Amino acid sequence: MAHEKTFYLETFGCQMNVHDSEKVVGTLVSQGYRQVESVEEASLVLYNTCSIRDKAEQKVFHRLADFRKLERQGKKFGVLGCVAQQEGEKIFERAPHVSLLCGSASYRNLPQMLVQLEAGKRAAGLDDRQTTETFETEFTARSNPHRGYITITEGCDKFCSFCVVPYTRGRERSRTSDAILAEARQMADSGYTEVQLLGQNVNSYHDPREKMTFAELLAAVGEINGLKRVRFTTSHPIDFTRDIVDAIDAVPALCDHVHLPVQSGSTRVLEAMQREYTREDYLERIGWIKAAQREISITTDIIVGFPGETEAEFEETLDLLTKVGYDGTFSFKYSPRPNTPAQTMADSISDEEKARRLAVLQEHQKEIQARLSRRYAGRTLEVMVEGKNPARAQLIGRTSQNKTLNFTVTGGNPAPEPGSYVRVHITESFPNSLLGEMVG
Ligand code: SAM
Ligand code: SF4
């Protein structure tokens, strides 16, 4: 019997990476590989990497060094994603046991690269950042049978001064609305009830056949029979138009949630970040969302300690958090990234000071969230059941607003299955979650 081709894949980073990995898994399986759960069982070990922050490349090199001795057992190693693209063939020099490198703009060449690898050669797919093509595959191996991602744009052309993405994921390119709708219909037909449209800037979507705007596409996906929930992430404020809010108001399946990363509450810092909007532009968009007929929850991303950020500018960010009233924030210490313009700006803020600002911001946001969360107590909301928390004898659900709502089932009713939708009466609120009892 020929030696079985097995692979182990570990994924780091954002939803885009998670979904890329689902496509990579499907591609490998279509090429005769079998996925296994541990490095020990695998003939090919793959890391899908992230380089957005925190010396991520060093962590990848450490991980690879740990496994160097396994090369003697005939295992092959591959680095995929942003660190592969960023570090390029330097990885072959620093980790000679690696024989596959593939940036995310080159995944469609994976089948040929695997053939090269099997012939005992090294394979590198790193040259496709200028591509205008997207990675389309019929083999996506989605890990959840109820909710799944659909890529609508890849890459980014915004070049914010702190961000590595345009250098690792390449030019911004969009799939046709026909291809996106066909994939969404196919998912609905095979039992998916929730889809999430994905892109670095999902709302910068530009239909190559000029058939639909982003808001029209969103509405069209929301109208597909069988889909109960449609989400989209991430939206860039500069491309956030009022018709997106109108679509949410008009189409019930579009979720009550917008993730709109602001990064800073100071117009001066936003300009240095090359974000292309001011604090006032951003607040105008928030005004549109708040004026909707539906109550839309709003979340954001924040960077503290960008080079030159003064205490007063940091306080403008705190003030913005209060003004907007976010239901959730992802906040980060600024981390200098290779190739980016901000890397050469004087980074006058010490790590201790960045850590202090981050802690202050997170404490401030926790108070805001605790207050906002209270408005849910006493309401009844529909959740999609995600699973069980056996330690607490609770089920875990997610609301349309993207809130975690843990709940109990009383009155001898059977526990609902993951993927089903039930109504839950909310009895208690916490900053990051809600608690309730299933109704009926
Ligand atoms: N395209 C999205 C946007 O423009 O808002 C963001 C995508 S990025 C993968 C996710 C988040 O990582 C950003 O919103 C930002 O807050 C954070 N981030 C990106 N580069 C960073 C850096 N150099 N240091 C710290 N945080 C960073
Ligand atoms: Fe990075 Fe800015 Fe592009 Fe977002 S818009 S991915 S932060 S360059």
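Atoms within a ligand are numbered from 1 in the order they appear, just like the ligands themselves. We count residues from 1, following the sequence as given. All values derive from a computational prediction rather than experimental measurement.
- Each of the following atoms of ligand 2 lies closer than 4.0 Å to a heavy atom of Lys158: 3 (Fe), 5 (S).
- Using 4.0 Å as the threshold, Gln263 has no heavy atom nearer than that to any atom of ligand 2.
- Heavy-atom contacts of Arg337 reach the following atoms of ligand 1: 23 (N) (cutoff under 4.0 Å).
- Residue contacts with ligand 1 for Gln263 involve side-chain atoms from C-beta outward but no N, CA, C or O (heavy atoms, distance under 4.0 Å).
- Of the listed residues (Cys156, Pro237, Gly155), the one carrying the non-hydrogen atom nearest atom 3 (Fe) of ligand 2 is Cys156.
- Looking only at protein heavy atoms, the nearest one to atom 25 (C) of ligand 1 is Lys333 O, 3.4 Å.
- Atom 24 (N) of ligand 1 has as its closest protein heavy atom Ser335 N, 3.0 Å.
- Those atoms of ligand 2 with a heavy atom of Phe162 less than 4.0 angstrom away are 7 (S).
- Of the possible donor and acceptor atoms, one in the side chain of Glu309 sits under 3.5 Å from a partner among the backbone N and O of Gly305.
- Between Thr234 and ligand 1, not a single N/O pair is under 3.5 Å apart.
- Judged by distance alone, the side chain of Arg337 and the main-chain N or O of Val164 form no donor-acceptor pair under 3.5 Å.
- Between Phe12 and Tyr47, the ring-plane angle classifies as tilted under the 30° and 60° cut-offs.
- For atom 2 (C) of ligand 1, the closest non-hydrogen atom on the protein side is Gln200 O, 3.5 Å.
- Contacts of Asn201 with ligand 1, taken as heavy-atom pairs under 4.0 Å, involve the side chain alone.
- The protein heavy-atom contact nearest to atom 12 (O) of ligand 1 is Arg53 NH1, 3.0 Å.
- Residue-level proximity to ligand 2 for Pro166 is carried by the side chain, the only part with a heavy atom below 4.0 angstrom.
- Both the sub-6.0 Å distance and the 45° axial angle are satisfied by Lys228 relative to the ring of Tyr421.
- Distances below 4.0 Å separate heavy atoms of Gln200 from the following atoms of ligand 2: 6 (S).
- Defined by atom type and a distance below 3.5 Å, a donor-acceptor pair is missing between the side-chain atoms of Gln196 and Thr233.
- The only member of Val202, Asn402, Leu197, Leu254 that meets side-chain contact (heavy atoms from CB on, under 4.5 Å) when paired with Arg231 is Asn402.
- Using cut-offs of 30° and 60° for the angle between ring planes, the Phe162 and Phe306 rings count as perpendicular.
- The backbone N or O of Leu270 lies less than 3.5 Å from no partner atom in the side chain of Ser264, so there is not a single donor-acceptor pair.
- When non-hydrogen atoms are compared, ligand 2 lies under 4.0 Å from the side chain of Asn201 (C-beta onward) but not from its backbone.
- The proximity of Arg275 to ligand 1, defined as any non-hydrogen pair under 4.0 Å, is limited to the side chain.
- Listed by atom number, the atoms of ligand 1 under 4.0 Å from His236 heavy atoms are 4 (O).
- At the top of the distance list for atom 1 (Fe) of ligand 2, counting protein heavy atoms only, stands Cys163 SG, 2.2 Å.
- When only interatomic distances are considered, the shortest N/O to N/O separation between Phe162 and ligand 1 falls below 3.5 Å.
- Which parts of ligand 1 touch Asp301 is read off a 4.0 Å heavy-atom cut-off, strictly below it: atoms 10 (C), 11 (C), 13 (C), 14 (O), 16 (O).
- Remark: the backbone N or O of Tyr326 is not paired with any side-chain donor or acceptor of Gln369 at under 3.5 angstrom.
- Heavy atoms of His236 found under 4.0 angstrom from ligand 2 belong exclusively to the side chain.
- Of all the heavy atoms of Phe159, the ones lying under 4.0 Å from any atom of ligand 2 belong exclusively to the backbone.
- Side chains of Asn48 and Ser21: a donor-acceptor N/O pair is present below 3.5 angstrom, by distance only.
- Classification of the Phe77-His97 ring pair by plane angle, with boundaries at 30° and 60°, yields perpendicular.
- The protein atom (non-hydrogen) at minimum distance from atom 9 (C) of ligand 1 is Ile52 CD1, 3.5 Å.
- More than 12 non-hydrogen atoms from other residues, nucleotides or ligands lie less than 6.0 angstrom from CZ of Arg375.
- Nearest protein neighbour of atom 8 (S) of ligand 2, counting heavy atoms only, is Cys160 N, 3.4 Å.
- Side chains of Thr399 and Gln401: a donor-acceptor N/O pair is present below 3.5 angstrom, by distance only.
- A tilted orientation is assigned to the rings of Tyr107 and Phe135, their planes being inclined by 30° to 60°.
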